[in-house]
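Here is the structure we will look at.
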Amino acid sequence: MDFHLVDSLSSIGNFVKVLQECEVVGLDVETDKLDPFTHTWLLLQLEMNGSIYVFDVRKIGIPNITYIIQLLKDTNKLIIGHNLKFDFKIIYHNTKEILTNCFDTMLAETMIYNGLNKNYYCSLETLVKNYFDVDLDKEIRKTFFNFTGELTNQQLYYAAEDVQYLSRIKDIQLKKLIEQKQEKVVELEMSLVPVFMHIEYTGIYLNKEDWLKNKDFAEKQIVITKDKLMQYILNNIKFDQYENAIAVVERFKILQKNKLTKSLKLILETLRGEFIKGYFEGQFNLDSPIQLKVVLNELGIPVEDTNEKTLLKYQKHEIISTILEYRGYTKQITTYGEKFLDHINPATGMIHTQYNQLGAASGRLSSDSPNLQNQPAKQSFRQCYQARPGYKILTIDYSQAELRLAGAVSKEPEFINSFLNGIDLHTKTASFLFDKDVSQVSHSERARGKSLNFATLYGSSAYGLTYNFGIPTDDAEKYLQKFSNGYKVLSNFKEGFENKIWENKFTTTVIGRKRYFEDKRVYKDAYERDRYIAKIKREGFNHLIQGGIGDTIKIAMKNIFYENPFGHDNLIILLQTHDELCVEIQEDILDAGKEFVLNKMLDAERLFLGEIPAKADCFINLFWTKE
DNA sequence: CATGAAAGCGCC
DNA sequence: AAAGGGCGCTTTCATG
């Protein structure tokens, strides 16, 4: 290994010459913490044509490191790294420079095996092992955590090793990706690394006081609903039919198996009458689906499980709505309560989510720590996400994006004409289901139409319609038939597409994003095989549509970021929620900023819609809103 | 006590 | 016997 330690300006040697002569640069950083706001930057490692330069950041100092980063930027070398979003964040925090021309080996690996690599660990160690049969020492990397003092030669050596294989991994991966015809996807995803870096680093402000008001209200409601439920249960279950408390424990499963000790058993055997009731009251856990199911059964409600859809079938029992009410408020406390505020970073006062740009096999993002893509849609929660003083928040979402794309890829004339003429597609579908003119469709009929439209996108069967939408079994089959009669072109397209999925074992979105499916080859019986084929047909068609929208909004985000004429200080993406962007805009450029974002979103959508018009709805307020 | 699966539910 | 796609988080419960 051609190793150079740079711990003083005089030890920089031929670095500049080596940099200028190279094509690509492998890059990695070592820090003492993962938090970009409170870490100490220890090392910057660069690999160029086999030469590895390890910069001791603490000794060289940030100003000189900034110069090195600017050199990388100005020479516009392709930067190769593993999970570069992290490295770029450290670099941005310390130098305020944003590197853009990059190739991320972690993202590349995920793309190559998309759909197959659910449980495949895409660590650098795994890649180096798989591609070169070399073992990297994982343990030594942990020694940087909370590190202070003088770095050992061993640490410097292993830091260097982390950049040693990057460009060779990239060559192998790029070859595969080109064979897979995923060039466009590579270009898009790599260009997004700095975009998500910047969004995560910026964060979003959450008003604590407003947030906690929801919690306070929910807590009160929980007390009320819980009390109501307990009273109902105690009054309507005949506890005196049980011989003793043991019988109640066994029937209602109100004790974990290992909790029922011999001594406790002795006591419980002696409990009778009202004492049994009292014991049950103290022990019953409303949050336990297992216990709740038995209770409901005892109350004469024959539920097979206790999820919301099942419970809704038994709505006529007064207790059901109270249970659902209780559940809703519980969620507001557990997931969206006080603990959620721990996600506010103390150093910045902001929430910095993590976006996983290939988090979903469909090509959608996912978000975690916290997940900001499943925040309650209720205004009382959303309005807590607020703009900084002097700014406003533009919330902008695509209108019926998936149906538009389905119409475009299938070239279904009924879809195309409806969108061209401003006819609501849910109403249009209802007009087919109920054999009437769109002008005669009622509110509830439109709701059925909407169900059918979604059922088609998600590949629902007649039974699924019954189960999930409460549509009568007799009607479900009929509706599906009327749907395919009404939209013949779409139905034929879908069938042809789905047959190809099984043939090819992969699907491709509008920009060439691949999702692969495995052929399990061994099936218990023909029935299991058919079910598996049906499953990947659903997933594959969904990949085409959902993934296509994922591609669309990613393209929009890329262009908003790179073509932003106002500067990142004045117009900044805060959130993405699959078909929606939340953008903070400085008040003085509000109108121009809104037009810019809207046009970028529409331009991206137009790439794939053919003659169907692109559409997005804008909302401007002091906070995140869709009203 | 730690870990992982399953159930349930928040969002698009 | 199963039964619409894509996620992440919290709780319960079993297991080691």
Side-chain angles (χ1 to χ4, degrees), chain A residues 114-115 118 253-259 285-293 303-311 323-324 326-337 339-340 342-343 353-378 381-382 397-398 400-402 406 451-469 471 473 476 480 507 515 524-528 530-532 534-550 553 575-581 624 626:
Chain A
N114 184 33
K118 266 273 165 193
K253 300 171 184 167
I254 52 179
L255 263 184
Q256 283 179 27
K257 278 173 186 164
N258 55 357
K259 293 273 170 64
N285 183 356
L286 194 48
D287 298 328
S288 161
I290 296 174
Q291 297 178 27
L292 182 61
K293 175 181 179 293
V303 291
E304 55 276 21
D305 55 60
T306 70
N307 70 44
E308 189 171 346
K309 266 178 199 146
T310 307
L311 294 183
I323 291 171
L324 295 176
Y326 168 81
R327 286 244 180 99
Y329 290 121
T330 302
K331 189 82 174 173
Q332 290 183 18
I333 299 293
T334 55
T335 307
Y336 306 108
K339 214 169 61 171
F340 189 84
D342 292 346
H343 288 295
T353 185
Q354 298 274 346
Y355 282 111
N356 183 352
Q357 67 183 85
L358 297 172
S362 61
R364 269 190 182 181
L365 301 186
S366 73
S367 154
D368 63 68
S369 318
N371 183 354
L372 291 182
Q373 292 182 316
N374 72 343
Q375 293 297 292
K378 278 179 71 175
F381 284 89
R382 296 266 165 122
D397 67 310
Y398 284 121
Q400 299 191 335
E402 295 188 336
S451 300
L452 260 291
N453 285 340
F454 278 104
T456 302
L457 293 175
Y458 298 154
S460 179
S461 65
Y463 189 94
L465 272 173
T466 306
Y467 181 74
N468 294 301
F469 289 117
I471 290 170
T473 320
L480 285 173
T507 43
R515 175 172 179 171
K524 268 192 300 195
D525 49 31
Y527 176 73
E528 192 192 60
D530 287 348
R531 240 179 38 203
Y532 181 72
K535 177 176 153 66
I536 73 167
K537 283 180 174 179
R538 287 195 301 272
E539 290 174 348
F541 187 75
N542 187 253
H543 176 241
L544 172 69
I545 304 299
Q546 189 184 105
I549 304 306
I553 195 162
L575 299 171
Q576 189 255 44
T577 328
H578 308 304
D579 66 350
E580 165 192 350
L581 291 180
W624 183 16
K626 278 181 99 165

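The analysis underlying the following values was restricted to heavy atoms, covering all of them including side chains, and did not include hydrogens, waters or symmetry mates.
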request  = Starting from P on C/dG8, measure out to CZ on A/Arg364 and report it in whole angstrom.
outcome  = 12 Å

task = Check whether the aromatic ring of A/Tyr458 stacks on the base of C/dG4, taking stacking as ring centres less than 5.5 Å apart and planes within 30° of each other.
result = no

ask   = Reckon A/Ala455 touches a base, only the sugar-phosphate, or nothing at all at heavy-atom distances under 4.0 Å?
value = base

ask   = Below 4.0 angstrom from OP1 or OP2 of B/dC9, is there any side-chain N or O of A/Arg327?
value = yes

ask   = How would you label the contact of A/Phe469 with the nucleic acid (heavy atoms, under 4.0 Å): base, sugar-phosphate, or nothing?
value = base

task = May I ask you to test the A/Asn468-A/Tyr458 pair for a side-chain heavy-atom distance under 4.5 Å?
result = no

task = Look at the side-chain N and O atoms of A/Arg382 and state whether any lies under 4.0 Å from the OP1 or OP2 oxygen of B/dC11.
result = no

query = Looking at B/dG10, C/dG5, C/dA3, which one has an atom nearest to any side-chain atom of A/Tyr463?
reply = C/dA3

message = Heavy-atom nearest nucleotide on DNA chain C for A/Tyr336 versus A/Ser451: which residue maps closer to 5'?
response = A/Ser451

key: Per A/Ser366 side chain, nearest of listed nucleotides C/dG8, B/dC11, C/dG4   = C/dG8

inquiry  = Once you apply a heavy-atom cut-off of 4.0 Å, does A/Thr466 come out as touching a base, just sugar-phosphate, or nothing?
reply    = nothing

task = Name all stems that contain residues of DNA chain C, defined as runs of 3 or more consecutive Watson-Crick or G-U wobble pairs, both distances under 3.5 Å.
result = B:1-12 with C:5-16

query = Does A/Glu308 pair with A/Arg327 as a salt bridge, N-O distance under 4.0 Å?
reply = no

Base-contact (B) and sugar-phosphate-only (S) positions in nucleotides 9-16 of chain C, heavy-atom cut-off under 4.0 Å, - elsewhere = SSSSBSB-

task = Could you tell me whether the phosphate oxygens of C/dG4, OP1 or OP2, come under 4.0 Å of any side-chain nitrogen or oxygen in A/Arg538?
result = no

Any N/O donor-acceptor pair, A/Glu539 side-chain to C/dG5 base, under 3.5 Å = no

key: Selection from C/dA3, C/dG5, B/dC12 that lies nearest to any side-chain heavy atom of A/Asn542   = C/dG5

ask   = Picking from C/dG4, C/dA1, B/dC12, which would you name as closest to the side chain of A/Lys626?
value = B/dC12

